[in-house]
Participant: 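Structure provided below as structure tokens; questions to follow.
Lettering of chains follows the sequences in order, A, B, ..., and the numbering in each one begins at 1.
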Amino acid sequence: MKKIIPIVALVKKEMNGKQVMVEYASPNTNKPLHLGHLRNIFLGWSVAEILKANGYHVIKTCIVNDRGIHICKSMLAWEMYADGATPESTGIKGDHFVGDYYVKFNEAYKREVADLVAAGVPQAEAEKETWTIKRTQQMLLDWEAGRPEVIELWKKMNGWVYEGFDTTYKNIGVGFDKIYYESDTYLLGKDIVKQGMDKKVFYQKDDSSIWIDLTADGLDEKIVQRSDGTSVYITQDIGLALQKYEQYKIEQSIYVIGNEQNYHMKVLKLICQKLGMPNADNIYHLSYGMVELTSGKMKSREGTVVDADDIVDEMISTSQQHTEELGKVKDFTDAELKDLYKTIGLGAMKFYLLRVDPKKTMVFNPAESIDFHGFTGPFVQYTYARIQSILRKEENAIRGEQTSEPLLDAEKEVMVVAEQYPSIIEQAAFEHNPSVIANYVFNVAKTFNSFYAAHSIANAESVEKKQLRLKISLLTANIIKSGMNLLGISVPERM
RNA sequence: GGUCCGGUAGCUCAGCUGGAUAGAGCAUCAGCCUUCUAAGCUGAGGGUCAUUGGUUCGAAUCCAAUCCGGAUCACCA
């Protein structure tokens, strides 16, 4: 039993003085967040918490893609169809409001292409020649030129989106320490192109576009500056990577980005290394797989995208339904109930998305996701609430006494699993993998539940046994609470 | 086509730095609430670990090839 206290103490390690930045979420501002973003966000948040538990100082960050052709599409559609409508005037959440106009744009665009094709214009040509797309491109040029009315509209619509995003972030209990905006960073990297030329890492072609040759590394040639002198996506990323370092002296830079950008991230890291950027070796792409539905992939064109706000609401109302059916918390106030539904609903959602190895494509099964039995967040939360129920009654009973009686199998099992916790935290950090924690914490709960069913705690065979079991229970509760916290999941005292 | 990732029970997933009868949840079936919360516990059935070959005393795990699925290879982001 001597080991119990040290284990709990190990939950929080000494700070190691190292700065790490974790970038996640990074949405476009033309439409609301969806299920894929949730996987990204929960992963980023959890990995950040896991690194903190390993002694790192972590800066949570996000790069908002607030400029470009996508937002111009929403802007154009708003000008065409909104007649001055706003989120306030319609009662629609800002990000959804702007997203609706993005959809309207695409509808109008499709109609126009169809009309052109019907008039005999070839498909490929029609797609480039529509008034809507040309108008959008002009709008982007106007934005870059800083035309006041375009900038004003852009600010207004992005503002709506940010309000919507903030509501969602707050609702799901996440946030950032530092937010970057692409409109501030998209010109970064120009100087770096120059340096790269000087260092002969980059070279210029006849048309004056600038490239890097990565064929020796098994990749291709990659453009870093267009022939018209403007920078491309990767160039901005190099610039931001350097800025992150300069601003925070980070030792590690972690990017939570989907696996469709594996190649891009490989190129980014390689270029940073070749440019001799500090800590370029510690750029880490936390690549995660797509979230698919049982019916197949989510496709925005086919309207099969699962909206983040919708699914979160659904999880919360499902938890309410289950809770009411069980009728265990009838004495709760309305505020307490609301809080509980959210704790359980979000717990189920987060656990469901985090229990799978990040790099794997995962299937989101709606029926399974709202099942609160078995390998789920609510199962683990329930185990915690059960322990708290006992500890509340026996609050003053725990003393420092040691027992000389041998451990029973079920008692030993719990102890054995509990002792693994510190190494599990290290493993999760090493692998940048929250599913390690999810699997472990489930195992802790399962093992405890078997013990709980086999032996009485309050009415143990002896005073010594009761002491031992109370301590085992407390230890288990502490580990569950701590582990779930590393997943961004809170635990209820009662449920 | 090149590169990368995946293929383990009906379904969703662990295990993969080699080691004993391959695990869990869901689903199915059979039990357990006069004792600490049954969102729980106990048990049963269910697997040629994609295929083939190799390395090894020993392979789901390492290597090679093949098959299947996905991603990616823009002067897009």
Participant: Heavy atoms under 4.0 Å, any strand shown: does Ser287(A) hit a base, just sugar-phosphate, or nothing?
Facilitator: nothing
Participant: Sticking with atom P, work out how far rC76(B) lies from rG10(B), rounded to a whole angstrom.
Facilitator: 49 Å
Participant: I'd like to check the side chain to side chain donor-acceptor pair (under 3.5 Å) partners of Ser435(A); sequence neighbours left out, ordered by chain and number.
Facilitator: Asn433(A)
Participant: Using whole Å, what does the distance between atom P of nucleotide rU37(B) and atom CG of Asp331(A) come to?
Facilitator: 13 Å
Participant: Please measure how far the P atom in rG47(B) lies from the corresponding atom in rA9(B), and state the result in whole Å.
Facilitator: 10 Å
Participant: Are Phe372(A) and Phe379(A) close enough that their ring centres sit under 6.0 Å apart?
Facilitator: no
Participant: Using the P atom as the reference point in each nucleotide, state the distance between rU56(B) and rU61(B) in Å, no decimals.
Facilitator: 16 Å
Participant: Who pairs with Tyr255(A) by ring pair (Phe, Tyr, Trp, His ring centres under 6.0 Å), at least two apart in sequence or on another chain?
Facilitator: none
Participant: Using atom CE of Met495(A) as one end and atom C1' of rG40(B) as the other, report the distance to the nearest whole Å.
Facilitator: 11 Å
Participant: Under the criterion salt bridge (charged side-chain N to carboxylate O under 4.0 Å, His left out), which of Glu394(A), Glu461(A), Glu464(A) is the partner of Arg469(A)?
Facilitator: Glu461(A)
Participant: What is the nucleic acid contact for Ile69(A), judged by heavy atoms within less than 4.0 Å: base, sugar-phosphate only, or nothing?
Facilitator: nothing
Participant: Under 3.5 Å, which donor-acceptor pairs do the side chains of residues 341-349 of chain A form with other protein atoms, sequence neighbours left out?
Facilitator:
from, atom 1, to, atom 2, distance (Å)
Lys342(A), NZ, Asn171(A), O, 3.3
Lys342(A), NZ, Asn171(A), OD1, 3.3
Thr343(A), OG1, Asp339(A), O, 2.9

Participant: I'd like to check the side chain to side chain contact (heavy atoms under 4.5 Å, CB included) partners of Glu325(A); sequence neighbours left out, ordered by chain and number.
Facilitator: Gln321(A)
Participant: Measure CG/Leu326(A) against P/rC33(B) and give the value in whole Å, please.
Facilitator: 19 Å
Participant: Mind checking Ser450(A) for me? I need base, sugar-phosphate or nothing, with any heavy atom below 4.0 Å counting as a touch.
Facilitator: sugar-phosphate
Participant: If you compare every side-chain N and O of Arg226(A) against the phosphate oxygens of rC76(B) (OP1, OP2), does one of them come in below 4.0 Å?
Facilitator: yes
Participant: Return the nearest nucleotide to the side chain of Val232(A); candidates are rG40(B), rA14(B), rA77(B).
Facilitator: rA77(B)
Participant: Counting only Watson-Crick pairs (N1-N3 plus N6-O4 or O6-N4) and G-U wobbles (N1-O2, O6-N3), all under 3.5 Å, who is the partner of rA64(B)?
Facilitator: rU52(B)
Participant: Could you list the residues that satisfy ring pair (Phe, Tyr, Trp, His ring centres under 6.0 Å) with Tyr233(A), not counting sequence neighbours?
Facilitator: His264(A)
Participant: Please work out if Tyr233(A) contacts a base, only the sugar-phosphate, or nothing of the nucleic acid, heavy-atom cut-off 4.0 Å.
Facilitator: base
Participant: Between the protein and nucleotides 34-36 of chain B, are there any N/O to N/O pairs under 3.5 Å, and if so, what are the atom names and distances?
Facilitator:
from, atom 1, to, atom 2, distance (Å)
rC36(B), O3', Lys393(A), NZ, 3.1
rC36(B), O2, Ile457(A), N, 3.2
rC36(B), O2, Ala458(A), N, 2.9
rC36(B), N3, Ile457(A), N, 2.9
rC36(B), N4, Tyr452(A), O, 2.5
rC36(B), N4, His455(A), O, 2.6

Participant: Roughly how many Å is it from CD in Glu493(A) to C1' in rU37(B), rounded to a whole number?
Facilitator: 14 Å
Participant: Could you tell me if the ring centre of Tyr162(A) sits under 6.0 Å from that of Tyr181(A)?
Facilitator: yes
Participant: Pull out every protein N or O sitting under 3.5 Å from an N or O of nucleotides 1-12 of chain B, one pair per line with the distance.
Facilitator:
from, atom 1, to, atom 2, distance (Å)
rG7(B), OP1, Lys360(A), NZ, 3.4

Participant: Establish, with yes or no, whether the OP1 or OP2 oxygen of rA74(B) is under 4.0 angstrom from a side-chain nitrogen or oxygen of Lys222(A).
Facilitator: no
Participant: When you compare rA24(B) with rU35(B), how far apart are their P atoms, in angstrom units rounded to a whole number?
Facilitator: 29 Å
Participant: With both distances under 3.5 angstrom, what nucleotide forms a Watson-Crick or G-U wobble pair with rA22(B)?
Facilitator: none
Participant: Name all residues meeting the side chain to side chain donor-acceptor pair (under 3.5 Å) criterion together with Asp313(A); count only those two or more places apart in sequence or in a different chain, and write none if there are none.
Facilitator: none
Participant: Near RNA chain B, under 4.0 Å by heavy atom, which residues of residues 369-378 of chain A?
Facilitator: Asp371(A), Phe372(A), His373(A), Gly374(A), Phe375(A)
Participant: Which donor-acceptor pairs under 3.5 Å do the side chains of residues 133-140 of chain A make with protein atoms, sequence neighbours left out?
Facilitator:
from, atom 1, to, atom 2, distance (Å)
Lys134(A), NZ, Glu129(A), OE1, 3.1
Thr136(A), OG1, Thr132(A), O, 2.6
Gln138(A), NE2, Asp142(A), OD1, 3.0

Participant: Please list, by residue number, the residues of residues 25-32 of chain A whose heavy atoms come closer than 4.0 Å to an atom of RNA chain B; answer none if no residue qualifies.
Facilitator: none
Participant: Remember a base hit wins even if backbone is also touched, and classify Gln225(A) as base, sugar-phosphate or nothing at under 4.0 Å, heavy atoms.
Facilitator: nothing
Participant: Nearest to the side chain of Phe442(A), heavy atoms from C-beta on, is which of rG40(B), rU42(B), rG25(B)?
Facilitator: rG25(B)
Participant: Quick check on contacts: within residues 126-146 of chain A, what sits under 4.0 Å from RNA chain B by heavy-atom distance?
Facilitator: none
Participant: Is it true that Phe351(A) and Phe375(A) have ring centroids separated by less than 6.0 Å?
Facilitator: yes
Participant: Looking for any heavy atom pair under 4.0 Å, which part of the strands does Asp228(A) touch: base, sugar-phosphate only, or nothing?
Facilitator: nothing
